[in-house]
Amino acid sequence: MPRAIVDITPAGQRPDEDPSLAVRNNGGLEPSSAPAPAGRREALLLLSFGGPEGHEDVMPFLENVTRGRGIPRERLEEVAEHYHHFGGVSPINDQNKALLAALEGQLRAAGVDLPVYWGNRNWAPYVEDVWQQMAGDGIQHAYVLATSAYASFSGCRQYHEDIARARAAMTGDAGAAGGPTAEKLPHYFDAEGFVRANADALAAALAELPEGLRDGARLVATAHSIPDSMAAVAGPEGHAYELELQAAARQVVDLVAHGRDFDLVWQSRSGPPSVPWLEPDVNDHLKALARAGERAVVLFPVGFVSDHLEVIWDLDNEAKETAEELGLAFARAATAGTHPDFVRSLVGLLAERRAGGEPRLGTNCPASCCFVPPRPPRPTA
């Protein structure tokens with residue numbers, strides 16, 4: 001199932017020039033600081049990465065994910081084996097369904113009558129198809145909750161692009177996009193419920209270690225590595241991805257053990273060795289900790305919102321194996337998942353936007369925010 005290819009940049013406009021994606025997706029208007037118009041038919045869209053549902057889906061899914069990036073076939077086959085290890089089914093699908101149900105339950109509990117949809121970038125249900133469905137259901141405006149809490153091209157801007165692609169697919173024209181208007185909810189790395197969910201998970205992971213090792217265990221936050229060039233342009237002033245992760249990890253640790261030291265490291269690198277990515281890699285860092293005499297480590301993947309494949313493979317398999325080989329006692333904290341406080345915070349973000357809260361970063365992003373120029377085409381001879 002290939003992803004639809006639609007040009008999302010109107011004729012005569014560069015991707016990093018005004019009007020921004022946020023403005024275009026909102027029908028040509030700046031995201032408003034006024035309450036939602038009375039009577040407007042609205043919905044919440046959970047927008048995620050997507051994942052295969054069986055062995056036969058794995059390679060087409062990975063081809064969707066890597067289209068245009070020049071990833072060698074051998075690397076795709078290597079990653080495919082990770083999915084095949086789990087029956088070809090990505091855990092992210094059931095996790096998104098669980099989050100969807102939790103959001104619907106929290107909305108009902110809050111007395112909010114709002115339909116909730118789910119769409120993906122790289123696999124069914126594709127966001128383009130869901131946009132058609134929302135339009136057919138009479139939805140006029142969608143609030144988009146991305147399953148990423150942070151700034152960066154892949155964590156924020158690309159979700160704005162997903163919305164633009166879905167709207168352009170309605171008409172085949174980026175300059176006259178159709179279907180519901182939309183706004184993405186802001187970054188939520190510092191949302192109280194997200195921090196609390198991660199702190200509860202960190203405390204539980206620490207409790208798994210032998211009592212004599214808990215106080216001295218090294219706390220290590222992990223997040224998906226990205227190319228240095230992408231990190232440099234994250235956010236309006238650059239490097240927002242690392243700064244937001246540092247801030248989130250600091251808040252998480254302070255709820256568990258105020259002022260305790262922690263490290264921020266990276267995982268799941270996928271690019272060629274010739275391209276610099278954020279370092280250190282989690283496995284390299286574990287080796288450095290062992291050399292320094294550390295006896296125990298707790299990883300807390302604050303860069304992710306659910307225990308999807310890259311978390312359970314890269315940490316529960318590879319990092320755990322590295323720690324065991326080094327003689328390090330090891331525990332891994334859960335992600336926020338469907339922690340009740342996290343779900344309440346997400347519904348709070350929605351309520352803030354509907355009530356006319358000031359549009360924050362993630363909702364009202366500048367045109368050039370997180371823009372990564374396309375790579376020049378490779379020489380053919």
Side-chain angles (χ1 to χ4, degrees), residues 146-159 185-203 205-206 217-269 276-286 288-289 292 294 297-306 310-311 314-315 319 331-337 339 341-342 345-346 349 360-363 365-366 369-370 372:
T147 53
S148 168
Y150 300 93
S152 75
F153 170 75
S154 55
C156 184
R157 185 184 180 96
Q158 201 168 7
Y159 286 105
L185 296 181
H187 303 161
Y188 48 85
F189 68 94
D190 56 352
E192 182 179 355
F194 181 68
V195 174
R196 169 54 64 187
N198 280 279
D200 286 352
L202 176 57
L206 267 169
R218 195 70 181 183
L219 307 183
V220 179
T222 74
H224 204 302
S225 186
I226 61 175
D228 287 0
S229 58
M230 187 184 294
V233 298
E237 298 176 5
H239 296 286
Y241 183 59
E242 300 122 296
L243 294 172
E244 290 178 353
L245 280 159
Q246 283 280 359
R250 180 74 270 166
Q251 291 182 59
V252 168
V253 171
D254 281 350
L255 283 182
V256 177
H258 187 78
R260 186 163 169 174
D261 288 340
F262 69 91
D263 306 316
L264 173 62
V265 305
W266 312 97
Q267 62 173 90
S268 311
R269 178 196 167 114
W277 284 50
L278 295 177
E279 295 180 338
D281 173 78
V282 59
N283 293 286
D284 293 337
H285 189 66
L286 292 176
L289 291 179
E294 298 286 352
V297 63
V298 178
L299 302 185
F300 61 109
V302 70
F304 306 90
V305 302
S306 69
E310 286 174 313
V311 174
D314 295 351
L315 300 185
R332 196 270 287 178
T335 49
H339 189 293
D341 288 346
F342 176 46
S345 277
L346 295 177
L349 287 177
R360 295 187 280 117
L361 190 62
T363 295
C365 298
C369 192
C370 299
V372 179

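Computed from a predicted structure; not experimentally measured. Basis for what follows: all heavy atoms, side chains included, without hydrogens, waters or symmetry-related copies.
Between the Arg332 side chain and the Ala205 main chain, no donor and acceptor come within less than 3.5 Å of each other. Gln267 places no side-chain N or O within 3.5 Å of a backbone atom of Asp281 that could act as its donor or acceptor partner. The backbone N or O of Leu278 sits less than 3.5 Å from a side-chain atom of Asp228, completing a donor-acceptor pair.
In this structure, Gly235 and Cys370 approach most closely via the heavy-atom pair N-SG, 3.2 Å. Here the closest non-hydrogen pair linking Thr222 and Pro301 is OG1-CA, 3.3 Å. Counting all heavy atoms, side chain and backbone alike, Val256 lies closest to Ala199 at CG2-O, 3.4 Å. Trp277 and Ser225 get closest at one heavy-atom pair: CZ3-O, 3.2 Å. Ser306 approaches Val311 most closely through the heavy-atom pair O-CG2, 3.8 Å. Nearest heavy-atom pair, Ser148 versus Tyr159, reported as atom, atom and distance to 0.1 Å: CB-CE1, 4.0 Å.
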Exercise. Hey, mind stepping through Leu245 and Phe189 against side chain to side chain contact (heavy atoms under 4.5 Å, CB included) and telling me if it holds?
Worked result: CA-CA 7 Å; Leu245 280 159; Phe189 68 94; over 6 Å; no

Problem set entry | Test side chain to side chain contact (heavy atoms under 4.5 Å, CB included) applied to His224 and Trp266, step by step | CA-CA 6 Å; His224 204 302; Trp266 312 97; over 6 Å; no

Exercise. So Val220 and Phe262, side chain to side chain contact (heavy atoms under 4.5 Å, CB included) or not? Walk me through it.
Worked result: CA-CA 6 Å; Val220 179; Phe262 69 91; over 6 Å; no

Exercise. Please walk me through it: do Arg360 and His187 pass side chain to side chain contact (heavy atoms under 4.5 Å, CB included)?
Worked result: CA-CA 8 Å; Arg360 295 187 280 117; His187 303 161; over 6 Å; no

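Rounding to the nearest 0.5 angstrom, the gap separating the NE2 atom in His285 from the CD atom in Glu294 is 8.0 Å. The distance from atom OH of Tyr150 to atom CZ of Phe304, rounded to the nearest 0.5 Å, is 10.0 Å. From Leu346, atom CG reaches atom CG of Leu185 across 8.5 Å, with rounding to the nearest 0.5 Å. Taken to the nearest 0.5 Å, the SG atom of Cys369 stands 8.0 Å off from the CZ atom of Arg157.
Within the 4.5 Å cutoff, side-chain heavy atoms of Leu219 are placed close to those of Arg260. Residues Val195 and Arg250 have side chains not in contact (no heavy-atom distance under 4.5 Å, counting atoms from C-beta outward). Side-chain contact check for Phe300 versus Val252: some heavy-atom pair is nearer than 4.5 Å. Counting only heavy atoms from C-beta outward, the side chains of Val233 and Ser152 never approach each other to under 4.5 Å. Ser154 has its side chain within reach of Met230: a pair of non-hydrogen atoms, C-beta onward, lies under 4.5 Å apart. Side-chain contact between Val297 and Leu289: present, with at least one pair of heavy atoms (C-beta onward) separated by less than 4.5 Å.
Taking 4.0 Å as the cut-off between side-chain N and carboxylate O, Asp263 and Arg218 count as a salt-bridged pair.
Aromatic ring orientation, Phe194 versus Tyr188: perpendicular (interplanar angle above 60°, classes split at 30° and 60°).
Applying the side-chain hydrogen bond (donor to acceptor under 3.5 Å, both in side chains) test to residues at least two apart or on different chains, the pairs with a partner in residues 190-203 are Arg196-Asp200, Asp200-His339.
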